[in-house]
2 protein chains.
Amino acid sequence: MDNYNASLDTLFHALADPTRRAVVQRLVKGPAPVKELAAPYDMALPSFMKHISVLEEAGLIASKKQGRVRTCTFNPDKLAAAEKWFDDQRTIWASRFDNLDTLLTTLQGETDET
Amino acid sequence: MDNYNASLDTLFHALADPTRRAVVQRLVKGPAPVKELAAPYDMALPSFMKHISVLEEAGLIASKKQGRVRTCTFNPDKLAAAEKWFDDQRTIWASRFDNLDTLLTTLQGETDET
DNA sequence: ATTATAGTTATCCATATAGCTAACTATAAT
DNA sequence: ATTATAGTTAGCTATATGGATAACTATAAT
């Protein structure tokens, strides 16, 4: 449970950056070496590598070095964990009206709007 | 497009904190005043209010002050935006094998594993 | 044997984040 | 009229983050 929450922390944090989301978006199409992943960005390699590390620590990608090139691959498992969180919220949100009191309160609130 | 990305930045950033996720989780069940939302947390009110602001700026919740109490409500639209991003990635991931070259490359990679 | 390539390590910097306290405002409640 | 409640505003602090450069290692390539 704690681990579940902690991993959502690092997972969402990893996704809260446009470079990192773009890297995921690229890797979803297939593996690629760091050099190729870095190419589109106007950023020093060590800076870029930090993004790779963040993604890897979040479990969104894996990487493996062969010779002098490190190849990165997408890992779908963690994305599923994030999606589950959204599903859970949507489910609860959708079940709001199961309770009549809630319904009345909500309608009250909504008719109060301008 | 840029706005779309920027809003994903703030959206995921907002969700990358356990307190904020818990607040969303609470509001999904129905509206609540700040005081009530803050109660479970061992945190000064101004600190807690920052979380509320982050959530509101991300568009995940809305709030309205009546008298001296500010009531917060969940806003489902943004969660949908985040889910769309996940759906998009999953779709591309699932279509990996449409291309035979990709398939062969991938199988090659997979048999290389220990 | 040299040189170029692909990362890595170490250090540094500016800004953002998450928390705090103290003092304040405005609205109930007594 | 007082007092308590619910937020708000205004600083302050420690740590994390996203970026940079410089110097290094290890592996191709020539």
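Convention: sequence-line order gives letters A, B, ...; per-chain numbering from 1.
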Taking only the side-chain heavy atoms of [X] (C-beta and beyond), determine which of [options] contains the nearest atom.
| X | options | value |
| --- | --- | --- |
| A/K35 | D/dG18, D/dT8, C/dG7 | C/dG7 |
| B/P46 | C/dA18, D/dG19, C/dA22 | C/dA22 |
| A/K50 | C/dC20, D/dT5, D/dA20 | D/dA20 |
| A/M43 | C/dT8, D/dG19, C/dC20 | D/dG19 |
| A/L45 | C/dT21, C/dT8, D/dG7 | C/dT8 |
| A/R68 | D/dT21, D/dT27, C/dT21 | D/dT27 |
| B/H13 | D/dA6, C/dT17, D/dT21 | C/dT17 |

Quick one: the side chain of A/S47 and the base of D/dA20, do they pair up donor-acceptor inside 3.5 Å? yes

Could you label the plane-to-plane angle of the B/F12 and A/F12 rings as parallel, tilted or perpendicular, counting under 30° as parallel and over 60° as perpendicular? parallel

Which whole-number value in Å describes the distance from [X] [atom1] to [N] [atom2]?
| X | N | atom1 | atom2 | answer |
| --- | --- | --- | --- | --- |
| B/R70 | C/dA28 | CZ | C1' | 17 Å |
| B/Q66 | C/dT27 | CD | C1' | 13 Å |
| A/E57 | D/dG18 | CD | P | 12 Å |
| B/F48 | C/dT21 | CZ | P | 16 Å |
| B/L55 | C/dT17 | CG | P | 13 Å |
| A/R21 | D/dG18 | CZ | P | 12 Å |
| B/K65 | D/dT5 | NZ | P | 16 Å |
| B/D17 | D/dA16 | CG | P | 14 Å |

Please determine which of B/L55, B/V34, B/L60 meets the side chain to side chain contact (heavy atoms under 4.5 Å, CB included) test together with B/C72. B/V34

Name the residue from A/R26, A/R70, A/K29 that meets the salt bridge (charged side-chain N to carboxylate O under 4.0 Å, His left out) definition with A/E36.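 Among A/R26, A/R70, A/K29, the one that satisfies the salt bridge (charged side-chain N to carboxylate O under 4.0 Å, His left out) with A/E36 is A/R26.
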
For A/R20 and B/M49, find the nucleotide of DNA chain D closest to each by heavy atoms; which residue's nucleotide sits nearer the 5' end?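 So the residue in question is B/M49.
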
Shortest non-hydrogen contact between A/K78 and A/G59, atoms and distance: CG-O, 3.3 Å

Over all atoms of both residues, closest heavy-atom pair of B/A32 and B/L27: N-CD2, 3.8 Å

Most 5' of A/E36 and B/A16 on DNA chain C, judged by nearest nucleotide: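 Of the two residues, A/E36 wins.
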
Find the partner of C/dA28: check Watson-Crick (N1-N3 plus N6-O4 or O6-N4) and G-U wobble (N1-O2, O6-N3) distances, both under 3.5 Å, and reply none if neither fits.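 Base-paired to D/dT3.
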
Counting Watson-Crick and G-U wobble pairs only, both distances under 3.5 Å, name the nucleotide matched with C/dA23, or none. D/dT8

